[in-house]
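These notes concern the structure reproduced below.
Nothing here was measured: the structure is a model prediction, and the numbers come from that model. So that the names make sense, note that chain A is the first sequence line, chain B the second, and so on, each numbered from 1. Basis for what follows: all heavy atoms, side chains included, without hydrogens, waters or symmetry-related copies.
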Amino acid sequence: MSRVLPLYRPSDFSYRYIDRATDLESALAPLHSSDRLGIDTETTGLDPHCDRPRLLQIAAPDQPVIVIDLFKITGGQLQPVQQLLGNRALKIGHLLKFEIQMLRRIGLYLRGPLFDTHLAFKVWNAGLKRKASLAAVVARLLKQRLDKRMQRSNFGATSLSRTQIEYGALDARVELDLQPCLEQRLRQAGLWQVARDIEFPCIPIVAQMEWTGMKLDLQCWDRLNAALAVQQAGAIAVINTLRRADKLQLSLVPELTDTVNPNSPTQLLAALRAVGLPVTSTSQKALVPLADDYPIVRAILDYRRTLKTAGIFNTTLQTQIHPTTGRLHPNWYQYGARSGRITCKHPPLQTIPRDRSARACFVTEPGWCIVKGDYSQIELRIVAKLSRDRQLRQAYGQGQDIHLVTAALITQQSIAQLLTHPQRDQLRQLAKALNFGLIYGMSAAKLQAYAETKYGVSLTMTEARSFIRSFFQAYPGIRRWHEQIRRTVYARGLKEIRTLTGRRRRWRDRPRLNELFNTPVQGLNADILKLAAIRLASAIARRRMQARIICLVHDEIVVECPKAEAQLVSKLLRRCMIAPARPLLHPVPVQVEVKIGTSWAA
DNA sequence: TCAGAGTGCGCC
DNA sequence: AAACGGCGCACGCTGA
């Protein structure tokens with residue numbers, strides 16, 4: 001049963017509304033001695049490149065909240081505000097990436113250590129589906145109700161109502177009450193380091209990525225889409241030879257029957273069965289084995305592949321180019337995935353096809369270039385570290401091709417023998433499927449399907465089972481690592497697991513084993529990427545360079561910089577990616593590949 | 001009519 | 001018993 005919570009309204013609450021530049025300096029003076037400041041803005045909208053901040057509310061302990069009207073006080077008059085925002089006090093806010101961008105819009109820069117109550121709540125709750133809005137966090141932690149009715153009111157109005165101003169002041173004030181409460185919980189749960197050293201320092205980078213965005217070469221993109229359209233037309237022509245099964249039976253005039261909609265699994269399945277194909281599903285897994293024998297199946301798979309690229313990117317990507325900046329400004333979610341990974345949408349830059357032709361459309365301004373760094377096989381290296389498997393560690397230690405090593409181990413051949421093996425490439429592909437699947441506890445049935453669809457390797461169930469057996473015999477450390485997680489977490493019914501840095505993922509119900517195997521790996525991967533980005537951003541800032549991080553894709557950092565900075569950026573990028581990873585993966589070596597180019601394809 | 005679960009597939 | 005994890009998006013389909 002949900003009881004109605006009391007309205008949030010601290011007894012000592014007061015505020016001062018400042019709309020004259022002459023009052024600003026004296027109003028802010030008492031706040032300079034405070035070591036923590038609650039920060040909030042009220043804006044005319046959510047787009048930092050179109051909309052404007054109207055109010056800036058700054059709360060300090062035992063002081064009235066200062067509410068500054070940014071329509072009335074502007075430009076150089078805001079100098080005293082910048083002094084405060086740039087000082088060494090802890091800046092506390094909810095979703096600070098947004099405040100940072102809005103303030104930047106009017107030339108104010110928020111500096112100093114940050115404490116984000118949204119992210120702190122995420123760190124504490126990762127894995128649980130809990131709302132993390134300010135009101136939700138206040139309700140859960142302070143057991144009070146935050147009045148949000150003014151949130152969508154018109155903050156662009158010439159004069160603001162008393163209620164609007166008070167509402168803004170309360171939002172800044174509540175940050176001061178939330179922060180110690182959240183910090184205590186994080187400390188008690190052993191999550192303070194993750195919040196302080198990883199999540200909070202990452203906020204300005206995320207703000208920067210949203211603010212800067214990425215440039216799309218529209219002509220390049222159109223050419224790509226034209227080529228895709230041709231491929232797609234070809235595939236559709238083949239598919240159009242299919243007729244809707246229901247009409248096929250009913251109609252005496254086949255010419256008038258409808259062709260099947262290739263996007264409808266139901267219609268497709270019926271049509272394929274009607275022409276005599278032995279299928280029970282139209283999933284990739286079911287269709288791939290038939291592709292060689294039936295052109296129609298090949299056409300369906302081709303169609304789906306081209307549709308994917310064309311569908312998302314032809315229509316949506318172009319419409320998402322910002323009218324003011326001419327660039328794509330995705331939303332980045334710093335704690336988007338339960339594992340701690342960053343996610344991205346509108347547009348989903350992290351799912352842009354990997355081929356050169358697609359990524360080459362992501363470019364930069366004349367005189368600038370793109371430098372990108374990739375971790376080589378970071379997930380498998382993390383497994384080598386966590387499982388302490390001797391084989392795996394040794395292979396990485398000697399810089400061997402890990403997929404080939406696995407191929408050698410399961411076939412009981414030496415690598416030298418394998419190099420001259422007639423099916424060398426196929427065996428390596430199979431080993432790749434094993435490496436990526438089995439570390440997270442994949443079943444024989446799934447392995448069979450996975451090897452087929454992803455790597456084009458056909459296996460019988462018996463073969464799949466025997467490969468799994470050989471895999472774990474070859475890597476007994478991985479088996480022990482699984483066993484240990486099963487024993488110490490799964491069997492005890494624990495509902496959380498952590499990464500090496502202490503990041504935690506929780507479950508409401510009992511987690512599945514596979515999730516328990518995966519989370520420490522994917523989570524540590526996220527930790528490493530964030531640490532690397534933080535290090536790089538600070539190296540760039542220290543040198544007052546113009547370079548900026550514009551995209552993070554799980555094991556990849558993309559930077560944009562003037563050409564003159566390229567060499568230095570590539571050096572820093574490599575150094576900053578290796579530095580945090582090395583101690584976390586020790587003794588497993590880290591490998592980073594850096595490229596300089598004029599597009600994301602580099 | 002519309003929200004939402006389901007399918008399928010792009011990325012890591 | 002059931003079994004690789006993490007996402008976002010477009011689509012057809014379903015049920016209220």
Side-chain angles (χ1 to χ4, degrees), chain A residues 126-127 228 260-270 281-288 300-317 320 330-333 335-355 358-359 374-380 382-383 432-451 453-454 464-465 468 471 478 482 485-486 490 497 499 505 507 510-526 528-529 551-558 600:
Chain A
L228 274 171
V260 58
N261 178 350
N263 295 320
S264 164
T266 321
Q267 290 181 28
L268 208 52
L269 182 63
S281 151
T282 67
S283 67
Q284 202 176 51
K285 166 186 145 190
L287 293 186
V288 166
I300 291 167
L301 294 172
D302 284 349
Y303 169 79
R304 282 185 184 159
R305 190 165 30 77
T306 52
L307 182 78
K308 187 64 200 175
T309 322
I312 295 179
F313 303 120
N314 191 16
T315 52
T316 61
L317 210 55
Q320 288 179 32
N331 298 120
W332 290 94
Y333 300 89
Y335 217 124
R338 285 166 278 200
S339 57
R341 267 188 179 180
I342 299 179
T343 64
C344 168
K345 63 168 104 164
H346 304 302
L349 286 187
Q350 292 172 321
T351 67
I352 297 291
R354 218 188 175 330
D355 34 312
R359 296 211 170 172
D374 266 88
Y375 284 110
S376 151
Q377 295 186 353
I378 183 95
E379 278 203 10
L380 280 176
I382 291 172
V383 170
K432 199 170 169 182
L434 289 168
N435 281 337
F436 284 119
L438 298 186
I439 52 174
Y440 303 128
M442 184 189 266
S443 67
K446 200 94 177 186
L447 172 66
Q448 194 186 20
Y450 182 70
T453 59
K454 294 276 183 185
R465 282 198 203 94
I468 292 178
F471 179 88
I478 297 182
H482 280 180
I485 290 177
R486 183 201 301 276
Y490 185 79
I497 199 164
T499 71
R505 175 175 168 189
W507 282 264
R510 214 164 171 215
R512 286 176 295 147
L513 255 177
N514 332 58
E515 294 171 325
L516 291 173
F517 295 155
N518 176 270
T519 301
V521 180
Q522 195 180 109
L524 185 61
N525 187 351
I528 289 173
L529 188 78
C551 187
L552 297 174
V553 194
H554 310 313
D555 63 357
E556 179 183 7
I557 298 181
V558 186
W600 191 6

[N], OP1 or OP2 - any side-chain N/O from [X] closer than 4.0 Å?
| X | N | result |
| --- | --- | --- |
| A/His482 | C/dC4 | no |
| A/Arg505 | C/dG6 | yes |
| A/Thr351 | C/dG8 | no |
| A/Arg338 | C/dC7 | yes |
| A/Lys446 | C/dC4 | yes |

When the [atom1] atoms of [N] and [M] are considered, how many whole Å apart are they?
| N | M | atom1 | value |
| --- | --- | --- | --- |
| C/dC9 | B/dA5 | C1' | 15 Å |
| B/dG8 | C/dA3 | P | 16 Å |
| C/dC4 | B/dT7 | P | 15 Å |
| B/dA3 | C/dC11 | C1' | 15 Å |

Original post:
Looking at C/dG8, C/dA3, B/dC12, which one has an atom nearest to any side-chain atom of A/Asp555?
Top reply: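 Output: B/dC12.
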
Original post:
Of the nucleotides C/dG8, C/dG6, C/dA3, which has the atom closest to the A/Ser443 side chain?
Top reply: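 Ranking C/dG8, C/dG6, C/dA3 by closest atom to the A/Ser443 side chain puts C/dA3 first.
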
Original post:
Is a donor on one side and an acceptor on the other found under 3.5 Å between the side chain of A/Glu556 and the backbone of A/Val553?
Top reply: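 Checked: no pair found.
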
Original post:
What is the distance, rounded to the nearest whole Å, between atom CG of A/Leu434 and atom C1' of C/dA3?
Top reply: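 Distance, rounded to whole Å: 16 Å.
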
Original post:
With a 3.5 Å cut-off and just heavy-atom distances, do the side chain of A/Arg341 and the base of B/dC12 make a donor-acceptor pair?
Top reply: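 Under the 3.5 Å cut-off, the side chain and the base do form a donor-acceptor pair.
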
Subject >> Polar side-chain contact A/Glu515-C/dG5 base: donor and acceptor under 3.5 Å >> reply: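 For A/Glu515, whose side chain was compared with the base of C/dG5, there is no donor-acceptor pair (under 3.5 Å).
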
**OP:** Identify, between A/Asn518 and A/Leu513, the residue whose nearest nucleotide on DNA chain C lies closer to the 5' end.
**Re:**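 Nearest nucleotide further toward 5': that of A/Leu513.
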
